Amino acid sequence: MAFHPLHVIIAGGGLAGLTAAHGLLRAGHTVDVYERHDTVEHRQGYYLHVNPMGGDALERCLPEDLFRLYQATSRVNYVRTGSIVRDEQLHELSSQPPLIPPKEGPFPDTGVHRRQLRQILMARLDDVYHAGLGVASFAQDDAGVTVTLSDGTEVRGDVLVGADGINSAVRRQLLPDVQVVRTGIDGIGIFGRTIITEELQAQLPALLDEGVQMIVDRHGSRLLAATYRPRRPADEACAEIAPDVPLEPVEPYIMASCSVPPGTEIPPAEEWTLETAERIRDAMLAAIDGWHPATRAIIAAMDVPSMFAVPFGFLDPAESWEPSRVTIIGDSAHAMLPTLGMGANVSLNDAAVLVDRLAEVGRGERPLEDAIGAYEAEMRATAYPILRMASHHDENFGGGALVDLAHAEPTA
Ligand SMILES: Cc1cc2nc3c(=O)[nH]c(=O)nc-3n(C[C@H](O)[C@H](O)[C@H](O)COP(=O)(O)OP(=O)(O)OC[C@H]3O[C@@H](n4cnc5c(N)ncnc54)[C@H](O)[C@@H]3O)c2cc1C
């Protein structure tokens with residue numbers, strides 16, 4: 001049966017937009033991706049936890065070799081798959097199994113260095129990826145969508161996909177009543193990474209490599225730490241699997257997010273200098289005074305230029321709406337707090353579900369708006385319960401970080 005390709009315009013070249021672009025091309029459609037930034041340098045963190053929801057979506061959308069490159073460069077398996085809560089001397093208090101358990105097999109989905117995944121997703125999209133051009137607005141009619149870009153030019157397509165993140169311009173026009181709920185930084189929104197040098201390695205007890213660690217004390221200070229050790233070095237994996245993909249090398253590191261004492265001034269992200277980061281690193285050390293030496297060594301050796309603050313926010317999403325030629329995926333549809341490490345996984349899943357529905361349109365199996373409505377219904381059913389659960393940050397973060405320490409008994 002003949003395939004009738006759609007031309008799909010994607011606003012936003014983040015994880016969701018790029019994954020959708022690969023999937024749509026693989027299905028036989030054509031795409032153009034408009035990304036308002038001209039570099040991939042903006043800060044959303046280093047390590048990204050990927051589970052089978054995200055991994056399956058990548059497998060369904062990416063060319064086979066790029067998927068294998070993702071697997072090869074993701075982190076080695078942890079011994080324990082859930083998050084582990086410890087007291088400040090590293091005695092275990094509790095643990096929580098992952099929301100979505102890993103699959104069996106030689107390369108279960110684990111986690112990635114975010115920039116490397118982005119580099120894999122950017123591969124082979126040169127002809128369709130337009131950097132430094134944002135989507136400003138759109139107008140749809142019976143035959144298609146006209147999209148106005150940030151430089152004033154207009155482009156036309158059959159479908160517009162808003163993959164433009166929490167402050168999405170596409171969503172603001174499509175669903176103007178949806179609000180972003182700002183939750184601020186609250187200490188735990190400061191991230192950085194610590195390279196695992198031989199000297200640091202010698203100070204790290206093996207238990208810190210067992211899984212994602214949430215370390216807490218009775219005064220409310222918290223340290224989230226997770227090691228990233230790639231399964232294979234990037235150059236070796238590229239040479240064998242996909243030599244055309246330029247991947248930067250990544251040394252093993254610990255991703256860390258740590259409290260600061262109450263009253264510590266945290267300037268907005270755009271005002272940060274190296275001195276700000278040094279001051280905040282020192283404030284973190286003050287917050288964990290007297291903690292296990294390994295925890296202090298991780299913070300003391302933090303790579304100061306890597307530090308950044310994320311002002312957290314999430315959406316109060318629309319319950320439902322009339323499907324049209326314009327839809328939204330990823331954070332633009334359901335930005336959530338990073339509490340459960342699910343935002344990107346759900347975003348990648350959106351991309352794969354939308355690709356499947358639009359493939360049905362290409363094959364003539366269903367009308368366009370019916371297919372987009374089916375995608376949107378599935379997206380809401382999957383994403384919204386997770387969004388709501390993630391917004392209970394203190395109950396669910398790090399496997400229940402706010403365990404009642406007064407009553408908690410160490411288990412090891
Ligand atoms: C600190 C932190 C840690 C996290 N950890 C995890 C984790 O471990 N696991 C997990 O699953 N999720 C995690 N998340 C969530 C995850 O990062 C997001 O859910 C995911 O990046 C969303 O992808 P996206 O492509 O929808 O949006 P984004 O990654 O925000 O991409 C949107 C893109 O659109 C571009 N854009 C914006 N406006 C326009 C416009 N008008 N026109 C064109 N382009 C535009 C932006 O520049 C950006 O490149 C974490 C988030 C944070 C902040």
Side-chain angles (χ1 to χ4, degrees), residues 9-21 32-55 57-58 75 83 98-100 109-115 117-118 121-122 129-138 147-151 160-173 183 185 188-193 212 224 226 228 255-257 269 307-315 328-351 379 383 386-387 390 397-398:
I9 295 174
I10 299 175
L15 302 177
L18 294 172
T19 302
D32 275 303
V33 181
Y34 293 95
E35 164 56 51
R36 71 169 172 180
H37 284 291
D38 49 14
T39 65
V40 294
E41 200 49 75
H42 49 292
R43 305 200 142 181
Q44 271 190 325
Y46 295 94
Y47 171 73
L48 186 71
H49 169 70
V50 183
N51 63 31
M53 179 186 270
L58 290 171
R75 90 167 147 66
S83 37
L99 206 56
I100 301 184
D109 299 292
T110 52
V112 293
H113 184 61
R114 187 187 278 262
R115 260 173 71 88
L117 177 61
R118 184 81 188 255
L121 294 177
M122 296 272 288
Y129 184 84
H130 311 280
L133 262 186
V135 164
S137 62
F138 62 84
V147 175
T148 305
L149 302 175
S150 49
D151 66 354
L160 170 63
V161 177
D164 46 349
I166 186 167
N167 297 312
S168 168
V170 175
R171 186 197 66 242
R172 277 203 304 272
Q173 185 176 342
T183 56
I185 291 173
I188 206 76
I190 304 169
F191 290 80
R193 68 170 173 163
V212 176
L224 169 73
Y228 169 82
M255 184 278 290
S257 164
M307 290 172 64
F308 67 101
V310 190
F312 288 154
F314 61 94
L315 292 188
I328 44 179
I329 63 174
D331 274 14
S332 63
H334 46 65
M336 60 184 76
L337 293 181
T339 316
L340 302 165
M342 284 296 293
N345 288 293
V346 182
S347 300
L348 298 174
N349 184 61
D350 291 348
M379 176 272 285
I386 299 172
L387 188 167
F397 189 46

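Whatever order the structure lists ligands and atoms in, that order sets their numbers, starting from 1. None of the values given here were measured: they were computed from a predicted structure.
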Work out which heavy atom in N51 is nearest to a heavy atom in H49; give both atom names and the distance.
CB-NE2, 4.0 Å
If you take all heavy atoms of M379 and A333, which pair is closest and at what distance?
CE-CB, 3.8 Å
Closest to atom 45 (C) of ligand 1 among D164, L224, V310, I329 (heavy-atom distance)
D164
Could you tell me whether L15 and ligand 1 have an N or O pair separated by under 3.5 Å?
yes
Interfacing atoms of ligand 1 (cut-off 4.0 Å, heavy-atom, S347)
19 (O), 22 (C), 26 (O)
Stepwise side chain to side chain contact (heavy atoms under 4.5 Å, CB included) test for L117 and R115
CA-CA 5 Å; L117 177 61; R115 260 173 71 88; over 6 Å; no
Any idea which atoms of ligand 1 are less than 4.0 Å away from a heavy-atom of G14?
25 (O), 31 (O), 33 (C), 49 (O)
Any N or O on Y47 sitting closer than 3.5 Å to an N or O of ligand 1?
no
State the atoms of ligand 1, each with its element, that fall below the 4.0 Å cut-off from a heavy-atom position in G134.
42 (N), 43 (C)
For a quick test of reading the model, state the closest non-hydrogen atom pair linking I100 to P52 and the distance between them.
CG2-CD, 3.7 Å
Could you tell me whether S332 and ligand 1 have an N or O pair separated by under 3.5 Å?
no
Looking at H334 and S347, what are the two nearest heavy atoms and their distance?
CE1-OG, 3.9 Å
Relative to the heavy atoms of G330, which atoms of ligand 1 are at a distance of less than 4.0 Å?
26 (O)
For F191, the atoms of ligand 1 under 4.0 Å from one of its heavy atoms are 1 (C)
Just distances here: any N/O of A11 and N/O of ligand 1 closer than 3.5 Å?
no
Where is the tightest heavy-atom contact between Y228 and H113, given as atom of each residue plus distance?
CE1-N, 3.5 Å
Looking at ligand 1, does any of its N/O atoms fall within less than 3.5 Å of an N/O of L48?
no
Do you know which two heavy atoms are closest between G55 and V50, and how far apart they sit?
N-CG1, 3.7 Å
Determine, considering heavy atoms only, which of R36, E35, M336 sits nearest to atom 35 (C) of ligand 1.
E35
If you measure only the distance, is there a donor-acceptor pair under 3.5 Å linking the side chains of Y47 and R75?
yes
For the atom pair OH (Y34) and CG (D164), what is the distance rounded to the nearest 0.5 Å?
14.0 Å
Taking 4.0 angstrom as the limit and counting only heavy atoms of M342, give me the atoms of ligand 1 inside it, by number and element.
10 (C), 11 (O)
G165 heavy atoms within 4.0 Å reach ligand 1 at atoms 27 (O), 30 (O), 32 (C)
Are any of the N/O atoms on A16, whether in the backbone or the side chain, positioned under 3.5 angstrom from an N/O atom of ligand 1?
yes
Side-chain donor/acceptor of Q173 to backbone N/O of F138, under 3.5 Å:
yes
Selection from H49, H37, R114 by shortest heavy-atom distance to atom 5 (N) of ligand 1:
R114
Ligand 1 atoms in contact with A163 (distance to a heavy atom under 4.0 Å)
32 (C), 33 (C), 34 (O)
Is V135 in polar range of ligand 1, meaning some N or O pair under 3.5 Å apart?
yes
Could you give me the CA-CA distance, side-chain angles and deciding distance for L315 and I166, then say whether side chain to side chain contact (heavy atoms under 4.5 Å, CB included) is met?
CA-CA 8 Å; L315 292 188; I166 186 167; 4.3 Å; yes
